[in-house]
Structures are given as structure tokens and as C-alpha cells.
Amino acid sequence: GEEGAVEFEVWSNDVLVWRDDTNRRLLTSCPFGQDAALGFDNGDVAKLGLDGTLEVMMTCKYPVSVLAATPTMIVAIG
């Protein structure tokens, strides 16, 4: 398929709160407490917060195809 930018948008009551355009491809995700952990093809593992913020927590040397999480830890597998 075509590769393109991923756009993350967070909406609240029909109002765009936050938007992030990135050239990374999302490969996997999993719950991480009240947030979500996201794994990307460039090796980034990011936390998507309830407030819509996207924070890179670590960068691996390989695409992240599987994530597993506990309330305090994330395991990234390539």
C-alpha cells in the first residue's frame, strides 16, 4: 500500500484539541494505565495521554511490532 504520514487528532465535544502530523507509521499499540503506548516503524515508543499529548518514551534500534505493558513498565519487541 501507499506509505504516508500518520495524523493523530484529539477531539473533545466536536472541537479539535490537538493534532500531530508525523512520517512514522504506527505498527502496534496497547493500553498503558489510562493512556496508550504506541509502537512505530522508526523504533519510537510513545505514550498517548488522555489530554492528547504524544510523548516519546524510548527509541529502539528496530521497528516496534509488539508492545506489552504493566502499570509501570513497557516491553517493546521488534
Side-chain angles (χ1 to χ4, degrees):
E2 291 184 30
E3 294 187 23
V6 174
E7 296 175 353
F8 291 98
E9 295 182 345
V10 176
W11 293 80
S12 177
N13 299 319
D14 296 327
V15 175
L16 180 63
V17 175
W18 177 81
R19 179 179 179 171
D20 178 41
D21 296 323
T22 178
N23 61 357
R24 303 173 287 190
R25 290 180 56 208
L26 178 65
L27 300 180
T28 188
S29 64
C30 73
F32 183 55
Q34 293 185 352
D35 302 322
L38 310 176
F40 294 93
D41 64 345
N42 71 343
D44 285 351
V45 175
K47 179 178 73 170
L48 179 60
L50 285 176
D51 61 357
T53 57
L54 186 66
E55 173 189 352
V56 175
M57 299 187 313
M58 65 179 159
T59 300
C60 304
K61 295 180 182 180
Y62 48 82
V64 179
S65 59
V66 177
L67 289 173
T70 70
T72 60
M73 179 177 56
I74 294 177
V75 177
I77 302 168

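- Without hydrogens or angle criteria, D44 side chain to V56 main chain gives no donor-acceptor distance under 3.5 Å.
- Side-chain atoms of N13 never come within 3.5 Å of backbone atoms of V15 as a donor-acceptor pair (strictly under, hydrogens ignored).
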Could you walk me through whether L27 and F40 pass the side chain to side chain contact (heavy atoms under 4.5 Å, CB included) check?
-> CA-CA 5 Å; L27 300 180; F40 294 93; 5.9 Å; no

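- Interatomic distance, R24 CZ to L54 CG, rounded to the nearest 0.5 Å: 5.5 Å.
- Shown here for S29 and L67, the closest heavy-atom pair between the two residues is CA-CD1, 4.3 Å.
- Residue L50 holds its CG atom at 11.5 Å from OG of S12, rounded to the nearest 0.5 Å.
- Checked options T28, D41, T59; the residue passing with V64 is T28 (criterion: side chain to side chain contact (heavy atoms under 4.5 Å, CB included)).
- Across C30 and A69, no two heavy atoms sit closer than the pair SG-CB, 3.8 Å.
- D35 is linked by a side chain to side chain donor-acceptor pair (under 3.5 Å) to nothing, counting only residues two or more places apart in sequence or in another chain.
- Once rounded to the nearest 0.5 Å, the distance linking CD of Q34 with NZ of K47 reads 10.5 Å.
- The two atoms that bring P71 and F32 nearest to each other are O-CE1, 4.0 Å, heavy atoms only.
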